[in-house]
> 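Input: one structure, supplied below.
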Amino acid sequence: MLWLSSVQPQQTGADGGHAKAPFNATQAKFHQAAWAKHLGTQVETVNSVGAKMILIPPGEFMMGSTDEKVEAALKVADEIKADGVVISRIEKAEGPQHKVIITKPLLMSATEVTIGQFKKFSATGCRSLGGLDRPSFT
């Protein structure tokens, strides 16, 4: 992820700059376009290692599933005789539902990083803060 700016536009969404879910695809695209214009960039760009980056504007949404949805997923898992790993993931990863607030616009890769992209990135001399299993870089 790459933070773009802490500057807020005057008005880009109904609440003054931050999108608040739920919203539809048309509203999301409008919000992205408004932020791209404000920042002087595009909604989609390609970075130096060839990764397609998507502008994520500030906003808020609920992450995770409600208790009812978790129970429904567990019921389906039981019906299809899913293994314990699947059931454990449903129980641990789907909840609790909580509010997430993105306070600054950021760029996020549209896809996973390829081995080739990582090799190009690592050739720049950037080093991991704590080894290969840590996502942040200096």
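From a predicted model like this one, the values you see are computed outputs, not experimental measurements.
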> With clusters defined by side-chain heavy atoms of hydrophobic residues (ILVMFWY) lying less than 4.5 Å apart, directly or transitively, does I90 cluster with V76?
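Looking at the clustering, I90 is in a separate group from V76.
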
> Just wondering, do E91 and V70 contact through their side chains at under 4.5 Å, heavy atoms?
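The answer is no, as the side chains (C-beta and beyond) never meet within the 4.5 Å cut-off.
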
> Please check if V49 and F118 belong to a single hydrophobic cluster, counting links between Ile, Leu, Val, Met, Phe, Trp and Tyr side chain heavy atoms closer than 4.5 Å.
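They do share one cluster, since a chain of ILVMFWY contacts under 4.5 Å joins V49 to F118.
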
> Test of understanding: clusters of I, L, V, M, F, W, Y form through side-chain heavy atoms closer than 4.5 Å, transitively. Do V46 and M53 belong to the same one?
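Looking at the clustering, M53 is in a separate group from V46.
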
> Closer than 3.5 angstrom, by distance alone: can the side chain of Q117 be matched with the main-chain N or O of T114 as a donor-acceptor pair?
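Yes, Q117 side chain to T114 backbone: donor-acceptor pair under 3.5 Å.
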
> What pairs with T66 under side chain to side chain donor-acceptor pair (under 3.5 Å), at least two apart in sequence or on another chain?
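Expected list: E68.
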
> With sequence neighbours excluded, what pairs up with A28 under the side-chain contact (heavy atoms from CB on, under 4.5 Å) test?
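Residues passing side-chain contact (heavy atoms from CB on, under 4.5 Å) with A28: F23.
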
> Using salt bridge (charged side-chain N to carboxylate O under 4.0 Å, His left out) as the criterion, list what pairs up with K75, not counting sequence neighbours.
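For K75 there are no salt bridge (charged side-chain N to carboxylate O under 4.0 Å, His left out) partners, ignoring immediate neighbours.
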
> Just by distance, do the side chain of E60 and the backbone of A21 share a donor-acceptor pair under 3.5 Å?
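Not a single qualifying donor-acceptor pair exists.
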
> Going by heavy atoms in the side chains, are S65 and Q97 under 4.5 Å from each other?
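No, every pair of side-chain atoms sits at 4.5 Å or beyond.
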
> Once rounded to the nearest 0.5 Å, what's the spacing between atom CD of E94 and atom CG of L74?
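E94 CD to L74 CG: 9.5 Å, rounded to 0.5 Å.
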
> Search all heavy atoms of H18 against all heavy atoms of T103 and return the closest pair with its distance.
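Looks like NE2-O, 3.7 Å.
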
> What's the separation between atom CE in M63 and atom CD1 in I101, rounded to the nearest 0.5 Å?
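It comes to 12.5 Å.
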
> What pairs with S88 under side-chain contact (heavy atoms from CB on, under 4.5 Å), at least two apart in sequence or on another chain?
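For S88 the side-chain contact (heavy atoms from CB on, under 4.5 Å) partners, ignoring immediate neighbours, are K92.
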
> Counting distance only, does the side-chain N/O of H31 pair as donor-acceptor with the main-chain N or O of P58 below 3.5 Å?
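Judged by distance alone, yes, a pair lies under 3.5 Å.
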
> Kindly compute the distance separating CZ (F30) from CG (N24), expressed to the nearest 0.5 Å.
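It comes to 12.0 Å.
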
> Would you say the side chain of F61 lies within less than 4.5 Å of the side chain of I102, judging by non-hydrogen atoms?
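Result yes, sub-4.5 Å side-chain heavy-atom pair found.
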
> Got a sec, which residues hit salt bridge (charged side-chain N to carboxylate O under 4.0 Å, His left out) with E44, two or more places apart in sequence or on another chain?
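In terms of salt bridge (charged side-chain N to carboxylate O under 4.0 Å, His left out), with neighbours along the sequence ignored, E44 is linked to K52.
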
> Do other residues, nucleotides or ligands put more than 12 heavy atoms under 6.0 Å from E112 CD?
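Counting other residues, nucleotides and ligands, CD of E112 stays at 12 neighbours or fewer.
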
> Less than 4.5 Å apart, any side-chain heavy atom of L55 and any of L107?
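Heavy-atom side-chain distance check passes, below 4.5 Å.
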
> Verify, without hydrogens or angle tests, whether S122 (side chain) and K119 (backbone) share a donor-acceptor contact under 3.5 angstrom.
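Answer holds: yes.
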
> Taking the side chain as C-beta and beyond, is there a heavy-atom pair between W35 and L39 under 4.5 Å?
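Answer yes - side chains close enough.
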
> Mind checking what makes side-chain contact (heavy atoms from CB on, under 4.5 Å) contact with D83, not counting sequence neighbours?
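Testing D83 for side-chain contact (heavy atoms from CB on, under 4.5 Å), a comparison that skips the adjacent residues, returns V85, V86.
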
> How far apart are the closest heavy atoms of I54 and A110, and which atoms are they?
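Shortest heavy-atom separation between I54 and A110 comes out as CG1-CB, 3.8 Å.
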
